[in-house]
Amino acid sequence: MKKTLFIVSFLLLALSTNAQEGLKLGIQGGLPFDDFNDVTGVVVGADLGYMAALGEVVDLGVMVGYIYGFPEKFGTEDAFINLPSVQFIPVAISGRVWTSNSFSFGVDVGQAFGINEGNKGGFYYRPQIGFLMSASTELNFSHTSISLDDNAWKTVTVGILHTFEF
């Protein structure tokens, strides 16, 4: 299942980038909660994707990104413990529904590949709410969830997404 989702996402991205229409670049920052709250302090990320309009209300596309969780430096019992960073590369299918000219609701669903030691990654799910600040720039709020073997990576983030139309 994971390989199939990865292959489909990669093919959609490869086919989509030929048109160069609706290429999106985003950055976000936020905080972890639940299982990783004590070992990760701040989370930053970047996304690159393509969205195609399926009408006036619905957009569908693909996304690849990078997530970096900075290790927590405070709150540990031993100040000399070096906690590891947490890193993922998510690959996902994206969908957005525009409720008006300015607001959207959407979700990215796919696989997040863990790239730090001991991190296999897992199922990636990221619901989002977006607010269009200009014709090509969006402010969005999201919740990221990655199902791991024995716990889950969960964050809340605020980000900026810019669309490049060619």
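Computed from a predicted structure; not experimentally measured.
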Report whether [X] and [Y] are members of the same hydrophobic cluster (ILVMFWY, side-chain heavy atoms less than 4.5 Å apart, transitive linking).
X	Y	result
V42	I27	no
L31	F141	no
L148	V39	yes
I115	V91	yes

Start with the C-alpha gap between F131 and N140, add the side-chain angles, then the distance that decides, and say whether side-chain contact (heavy atoms from CB on, under 4.5 Å) holds.
-> CA-CA 6 Å; F131 174 72; N140 64 33; over 6 Å; no
Among all residues two or more places apart in sequence or in another chain, which pass the salt bridge (Lys or Arg N to Asp or Glu O under 4.0 Å) test with K154?
->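 K154 satisfies salt bridge (Lys or Arg N to Asp or Glu O under 4.0 Å) with D34 once adjacent residues are dropped.
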Atom of [X], atom of [Y] and distance for their closest heavy-atom approach:
X	Y	answer
G41	P32	O-CD, 3.4 Å
E138	G130	OE2-CA, 3.4 Å
P71	P84	CB-O, 3.7 Å

Who else is in V156's hydrophobic cluster (ILVMFWY, side-chain heavy atoms under 4.5 Å, direct or via others)?
->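 Answer for V156: F33.
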So V86 and W153, side-chain contact (heavy atoms from CB on, under 4.5 Å) or not? Walk me through it.
-> CA-CA 9 Å; V86 181; W153 169 266; 3.6 Å; yes
Check the pair I67, Y124 against side-chain contact (heavy atoms from CB on, under 4.5 Å), reporting the backbone distance first and the verdict last.
-> CA-CA 12 Å; I67 299 170; Y124 172 79; 4.2 Å; yes
Note, R126 side chain near D47 side chain (heavy atom, < 4.5 Å) | yes
Student check: side-chain heavy atoms of Y125 and V107 closer than 4.5 Å =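 Y125 reaches V107 side chain to side chain.
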[atom2] on [Y] to [atom1] on [X], rounded to 0.5 Å:
X	Y	atom1	atom2	result
I89	Y68	CD1	OH	13.5 Å
T137	K24	OG1	NZ	9.5 Å
L161	L25	CG	CG	8.0 Å
E72	T40	CD	OG1	8.0 Å
I160	Q28	CD1	CD	10.5 Å
S102	L132	OG	CG	6.0 Å

Side chains of R96 and S104: is there a donor and an acceptor less than 3.5 Å apart?
->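 Their side chains do not contain a donor-acceptor pair, so the 3.5 Å distance test is not met.
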Side-chain H-bond candidate by donor/acceptor type, S142 with T157, under 3.5 Å |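 Yes, a side-chain donor-acceptor pair sits under 3.5 Å.
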Verdict with reasoning, F70 to V43, per side-chain contact (heavy atoms from CB on, under 4.5 Å) = CA-CA 6 Å; F70 289 92; V43 177; over 6 Å; no
Considering only distance and modelled atom types, tabulate donor-acceptor pairs under 3.5 Å from the side chains of residues 51-66, sequence neighbours left out.
residue: D59; atom: OD2; partner: W98; partner atom: NE1; Å: 2.9
residue: Y66; atom: OH; partner: Q87; partner atom: OE1; Å: 2.9

Heavy-atom neighbours of F36 CZ exceed 12 at 6.0 Å =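 Above 12, so yes.
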N/O donor-acceptor pair under 3.5 Å between N151 side chain and D35 backbone =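 No: the side chain of N151 does not pair with the backbone of D35.
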